[in-house]
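Every chain is numbered from 1 and lettered A, B, ... according to where its sequence line falls, protein lines coming before strand lines.
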Amino acid sequence: MATDANLDEGYDPHAVQDRWLPVWDRLDLNRAGRRAGAEKRYVLDMFPYPSGDLHMGHAEAWGIADVVARYWMRQGYDVLHPTGWDSFGLPAENAAIKRGEHPAQYTYANIEVQAESFRRYGISFDWSTRLHTSDPEYYRWTQWLFLRFMERGLAYRKNSAVNWCPNDQTVLANEQVVAGKCERCGAEVTKRELTQWYFKITEYADRLLDDMQQLEGKWPDRVLLMQKNWIGRSTGAHVDFAVGDRKVSVFTTRPDTLYGATFFVVAADAALADELVAPEQRAAFETYRAATRKLSDIDRQSTERPKTGVSLGVTATNPLNGEELPVFAADYVLADYGTGAIMAVPAHDQRDLDFAKAFDLPVRVVVDTGEDDPAVTGVATAGDGALVNSGPLDGLRKAEAIEQAIDILAARGTGEKAVNYRLRDWLLSRQRFWGTPIPVVHCPVHGEVAVPDDQLPVRLPDDMKGADLRPQGQSPLASNEAWVNTTCPTCGGPATRDTDTMDTFVDSSWYYLRYPSQGYEDGPFDVDKVREWLPVDQYVGGVEHAILHLLYSRFFTKVLHDMGMLDFVEPFASLMNQGQVINQGKAMSKSLGNGVDLGSQLSQYGVDAVRLTIIGAGPPEDDIDWATMSPGGTLKWLNRVLRLTDDVVALAGDDRDVVVDKVVAKAVDEVTRLIESHRLNVAIARFHELVNALRRSADTAPKPAGSLRDGVTALAVMLSTYAPYTAEEVWSRLGHDVEAGDSVHDSSWPTADPELLVDDAVTCVVQVAGKVRDKLEVSPDIAEDELRALALASSRVQEYLGGKEPRAVIVRPPRLVNVVPG
RNA sequence: GCCCCCGUAGCCCAACCGGCAGAGGCACGCGACUCAAACUCGCGCCAGUGUGGGUUCGACUCCCACCGGGGGCACCA
């Protein structure tokens, strides 16, 4: 007995799946290079992380990319649709600690489960491309790339306060701190002073911003916007103040307000504050600094919090007017943005005004914006206006004054135009085990020494498991003496290995480059193969990577371009973000207990019904509420397709009906354009229409067998992109010998005869005062004059005109006439 | 606080450059088939596009304001 009574009669999707899957495996239809000589296309999903089996979200993302891949194959392109796993990372390590295993066990077991699920789900992967970032053959090249970055000064080590996740016991990149919490586990992030490896992504800030021009219209606007905001370019000036005999520079976007500066603030946790503090203020400063360091990022970044600070007991000299400004240390100034010090202009900056109020400092208006005095209202005025109280700047507008101020500063050698970025360098060290080891040796004589290329990979030890991996605040590798102790590649003397591993986002920043030459041993990738296949024509993935993976990959691509290894500067020509699959209005989660298991959906409705339901639910980027979907209805429709097929196959003869031919041509034409424009859900509606039309014709004499057979054939080919199993079944029932290699997945996309797309007559709407009053059947190429005359001759139009002359007649042949009464 | 996106039948969604608001589906109702039901086939049902204004011969579409929902950034000088 089937679980669903409906399945007893009609379509059994499982039998169809079991029938075709082994045949496809044998036919090997998805191998890149199969259509040698044809134009190449590269379709890619953001590769999966192997935690457990596939879920509904995977079903959507890979379903979407698979439609594109299969569509391009039908169109005759040579398609690369590869797969791999982003297989380093914390969940495997945590599972290993819990189970007393090596992380590789969990990782590779899950990969096998997911691989089998992908296969069953009918994804058109070229399995020969398969890679795993945790394989030594892969991470060897991650290490190799790191060393190239190091040679170019793009990987460096520095000591600074870094984001620390107390739960995962590791540092985090800025991009992995979301609203003050660890992106992975949600713990509140704290700060730690540590020496860590960084990638100098800030050196590419301008290019990351400027090259986005190439992506406009091809990437979702919101992703581009998020990246733009994240990079956060600000233009302004560096202004040099004098503190005693020391020069202290600040960054400001408002050099025009220099005359309004009434105090000066240094970030309390910046080294600069420690260096400037006067002896009599040192005790107070250190107390304050200690308190600052205890704050979590969340507390510290709250704008609600009252301003706090402490005087450093020194003054800074304003380079424009020579005024001596009191210097404070405060936590509202960030140590790692700009120079870690600011000139405070309370009249025109809200934060400075709040501080001035708290410390009873003067507020001096220097831009007359026409608003009330900030000293009275407590609201800083940041808008445009005329400069006042500003010596040579008086009377200028804001923009002019900014330029003028910079000119004056530059002439005096006390400042210059400057650009600053919100983007910080990418902190890549992680104090965890299951990642790519950083290929550096620390020698007491020679310092940081790169491991020579011919000694790569620096392998992870395979004798560590379970409790050995427990986080201790430093990498578990540090406790493995046999691994740590080595010799210096330069002098041969005793040395130690760097015990940190790389952020897994390093692994995923270049994987798409290796697919075309997976297994290549002379470099991370075969430059010629990359030239053939890259950039990726269609990338598909979640919007959660808008500023993590996507920004990092763009950075890597630009560096590799500069190294002469790539011809292009943007890795992903087109990007689609799929939405989330939710349930009953909420994200699926264990705590809510509203999870929908993909496996059980597949066993209940079959692969094709689930694929069609997910993709048909709405635009790819929209969230899908599974509670509102009916895969059962989709299964019934697939059943309908098969019944139609059987009925049509049973018809004898080759009779044609031009009406049917037109319906088919129109469906082909529209589906083609809909898939091209990524409106994948609407294409499914066209499938329904086509089936309805063919059904009607098959039920009505004279039943044009030839036209119907062609219609079902076109349907099978188009449907092969969404519902690969059912389409193959239809194809087979139409008489194709799939086992012998005549698969629908090796067929060609149907073409629509342009003559069949032309309508003999179209309906012209005739409006009077914008309201539809009549309809005319006219020739599609009717002339404007003729149509006007026809419309005005309409008795209904005359009726509504009531004998008056029309004031205007708007004619848009052949579809519309609007008569405007006088 | 700043910025972005979205509001169309009971529900999910279509509607090209501004030109007949409805393609498709779910649910529901009726009919045919059936001893009856299920399945299947056919037919039907329901909104004037969140609200208010503006531009236009004509607005779901463009502009402004507001309401509601979602998202991004958030002490970045």
Student: If you draw a 6.0 Å radius around NZ in A/Lys666, do more than 12 non-hydrogen atoms from other residues or ligands fall strictly inside?
Tutor: no

Student: Syn versus anti for B/C17, judged by chi lying within 90° of 0?
Tutor: syn

Student: In whole angstroms, how far is the P atom of B/A77 from the CG atom of A/Asp331?
Tutor: 18 Å

Student: Within 45 degrees of the ring normal and closer than 6.0 Å to the centroid, is that where the cationic atom of A/Arg773 sits relative to A/Tyr800?
Tutor: yes

Student: Return the polar atom pairs (N/O with N/O) between nucleotides 5-12 of chain B and the protein under 3.5 Å, or none.
Tutor:
residue	atom	partner	partner atom	Å
B/C12	O2'	A/Ala617	O	3.3

Student: Do A/Arg812 and B/G19 share a donor-acceptor pair, side chain to base, under 3.5 Å?
Tutor: yes

Student: Distance criterion of 3.5 Å, no angle test: do you see the side chain of A/Lys307 paired donor-to-acceptor with the base of B/C75?
Tutor: yes

Student: Could you tell me the separation between the CZ atom of A/Arg222 and the C1' atom of B/C73, rounded to a whole number of Å?
Tutor: 14 Å

Student: Can you tell me the distance, in whole Å, between the CG atom of A/Asp699 and the P atom of B/A32?
Tutor: 18 Å

Student: Please report, rounded to the nearest Å, how far the P atom of B/G25 is from the CD1 atom of A/Ile614.
Tutor: 20 Å

Student: Does B/G25 have OP1 or OP2 sitting under 4.0 Å from an N or O in the side chain of A/Asn692?
Tutor: yes

Student: What interatomic distance, in whole Å, is found between C1' of B/U34 and the corresponding atom of B/A15?
Tutor: 41 Å

Student: Could you tell me which nucleotide pairs with B/C66 by Watson-Crick or G-U wobble geometry, both distances under 3.5 Å, or answer none if nothing does?
Tutor: B/G50

Student: Is any side-chain nitrogen or oxygen of A/Asn229 closer than 4.0 Å to OP1 or OP2 of B/C3?
Tutor: no

Student: Cationic tip of A/Lys307 within the cone over A/Tyr332's six-membered ring, i.e. under 6.0 Å and within 45° of the normal?
Tutor: yes

Student: Side-chain atoms of residues 216-227 of chain A: list all donor-acceptor pairs with protein atoms under 3.5 Å, sequence neighbours left out, distances to 0.1 Å.
Tutor:
residue	atom	partner	partner atom	Å
A/Trp219	NE1	A/Phe572	O	2.7
A/Gln227	OE1	A/Arg554	NH1	2.6
A/Gln227	NE2	A/Ala546	O	2.8

Student: Tell me whether the OP1 or OP2 atom of B/G42 has a side-chain N or O from A/Arg640 closer than 4.0 Å.
Tutor: yes

Student: Under a 3.5 Å limit for both distances, which nucleotide forms a Watson-Crick or G-U wobble pair with B/A14, could you say?
Tutor: none

Student: Is the distance between the ring centroids of A/Trp426 and A/Tyr198 under 6.0 Å?
Tutor: no

Student: Specify the separation, in whole Å, of atom OH of A/Tyr722 and atom C1' of B/G24.
Tutor: 12 Å

Student: Please confirm whether A/Phe241 and A/Phe264 have ring centers closer than 6.0 angstrom.
Tutor: yes

Student: Taking only the C1' atom of each, what is the distance from B/A59 to B/G42 in whole angstrom?
Tutor: 38 Å

Student: Specify the separation, in whole Å, of atom CG of A/Asn681 and atom P of B/G25.
Tutor: 14 Å

Student: Does B/A15 have its OP1 or OP2 closer than 4.0 Å to a side-chain nitrogen or oxygen of A/Arg679?
Tutor: yes

Student: Taking B/C12 as the reference, what is the distance to B/G7 when you measure between their P atoms (whole Å, please)?
Tutor: 12 Å

Student: Look at the side chain of A/Val682 and decide which nucleotide, out of B/G19, B/A23, B/A77, has an atom nearest to it.
Tutor: B/A23

Student: Could you let me know what B/G42 is paired to, Watson-Crick or G-U wobble, both distances under 3.5 Å, or none if it's on its own?
Tutor: B/C30

Student: Given the rule in the side chain to side chain contact (heavy atoms under 4.5 Å, CB included) test, do A/Ser249 and A/Val239 qualify, once you have shown the distances and angles that lead to the verdict?
Tutor: CA-CA 5 Å; A/Ser249 190; A/Val239 183; over 6 Å; no

Student: Give me syn or anti for B/G48, where syn covers glycosidic angles within 90 degrees of 0.
Tutor: syn

Student: Which nucleotide, in any strand shown, forms a Watson-Crick or G-U wobble pair with B/G1, with both distances under 3.5 Å?
Tutor: B/C73

Student: May I ask you to check whether A/Tyr337 and A/Tyr421 place their ring centres under 6.0 Å from each other?
Tutor: no

Student: Given B/C41, B/C26, B/A77, identify the nucleotide with an atom nearest to the side chain of A/Ser630.
Tutor: B/C26

Student: Indicate, yes or no, whether a donor-acceptor pair under 3.5 Å links the base of B/A77 to the side chain of A/Arg254.
Tutor: no

Student: Provide the Watson-Crick or G-U wobble partner of B/G58, both distances under 3.5 Å; none if there is no partner.
Tutor: none

Student: Less than 4.5 Å apart, any side-chain heavy atom of A/Val691 and any of A/Arg640?
Tutor: yes

